[in-house]
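Okay, so here's the structure we're looking at.
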Amino acid sequence: MSRWMKRVIQRQEYFRMEEEKYQKLVLNRLRKRNPMNYDILVKTKFQELSAAEVASEYGITPNNVNNRNLRSKAWIIEEMEKICRQSHR
C-alpha cells in the first residue's frame, strides 16, 4: 500500500472518530435536555424495541413515540450542524 493511500485511510479514520465523538456529545446533550425523548430514542433505535412496546412503558401512543423520535432526530441534526459551523470558524 502506498504512503498516500495510508494517509487517506488515516484521515478517514480520524474523521470517523471525530464524527463519533460529536454524535456522543449531541446524544448526551439530548439526554440532559429531554431525558424522556433520549430514552425513547435509545430504546427504539439502539435496543430495537418496537414503538408499541416503548409506548406501553410510558403510557403514550406508538404514534407519539414516533413523533418524539422525529423531533429528536431533527434536534440532533440541528445540533450537529451547529457543531460543524462552530468548528469551521
Side-chain angles (χ1 to χ4, degrees):
M1 184 179 309
S2 70
R3 287 192 322 180
W4 177 82
M5 190 58 151
K6 286 180 183 179
R7 283 186 190 166
V8 168
I9 291 170
Q10 287 172 341
R11 286 183 181 150
Q12 288 174 336
E13 180 67 15
Y14 170 79
F15 288 126
R16 186 191 61 73
M17 289 170 50
E18 283 293 300
E19 184 176 3
E20 285 179 9
K21 179 176 80 173
Y22 291 134
Q23 287 173 350
K24 288 177 185 177
L25 174 70
V26 169
L27 283 173
N28 194 37
R29 287 181 186 173
L30 176 63
R31 183 180 55 80
K32 290 177 182 175
R33 179 179 174 268
N34 194 324
M36 185 174 175
N37 281 8
Y38 170 83
D39 197 43
I40 288 171
L41 184 71
V42 167
K43 288 180 179 188
T44 56
K45 300 303 172 192
F46 298 108
Q47 297 176 0
E48 299 180 355
L49 296 176
S50 71
E53 290 172 304
V54 176
S56 67
E57 182 178 334
Y58 283 97
I60 58 178
T61 66
N63 192 39
N64 190 260
V65 167
N66 294 330
N67 286 335
R68 285 175 177 270
N69 278 338
L70 286 174
R71 280 187 243 126
S72 293
K73 288 177 187 179
W75 184 86
I76 287 168
I77 290 168
E78 186 178 310
E79 287 296 303
M80 290 293 288
E81 288 173 350
K82 283 181 190 176
I83 289 172
C84 288
R85 284 192 301 270
Q86 289 172 355
S87 68
H88 288 106
R89 288 183 181 175

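Count residues from 1 along the sequence.
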hydrophobic_cluster_shared for I76 and L25, side chain cutoff 4.5 Å:
yes

Candidates E57, R68, K45 - the one meeting side chain to side chain contact (heavy atoms under 4.5 Å, CB included) with I40
R68

Same hydrophobic cluster for L30 and F46, using side-chain heavy-atom links shorter than 4.5 Å among ILVMFWY?
yes

Restricting to non-hydrogen atoms, name the atom on V26 and the atom on W75 that form the minimum distance, rounded to 0.1 Å.
O-CZ3, 3.6 Å

So, do K21 and K24 sit near enough that their side-chain heavy atoms are less than 4.5 Å apart?
no

Under 4.5 Å between side-chain heavy atoms, hopping through other hydrophobics if needed: is there a path connecting L27 to V65?
no

I77 CD1 to M80 CE distance, which is reported to the nearest 0.5 Å:
9.5 Å

Measure across E79 and R29 and return the closest heavy-atom pair with its distance rounded to 0.1 Å.
OE1-NH1, 3.0 Å

Separation between OG1 of T44 and CD of E48, rounded to the nearest 0.5 Å
10.0 Å

Can you give me the closest heavy-atom contact between N66 and A51, atom names plus distance?
OD1-CB, 3.6 Å

In this structure, would V42 and L49 fall into the same cluster of hydrophobic residues linked by side-chain contacts under 4.5 Å?
no

At their closest point, which heavy atom of P62 faces which heavy atom of A55, and how far apart are they?
N-CB, 3.5 Å

Distance from N69 atom CG to L41 atom CG, nearest 0.5 Å?
5.0 Å

Less than 4.0 angstrom from a charged side-chain N to a carboxylate O is my criterion; do K43 and E53 meet it?
no

Determine whether I83 and Q23 make a side-chain contact, defined as any pair of heavy atoms from C-beta on separated by less than 4.5 Å.
no

Inter-residue atom distance D39.CG - R31.CZ, 0.5 Å rounding:
11.0 Å

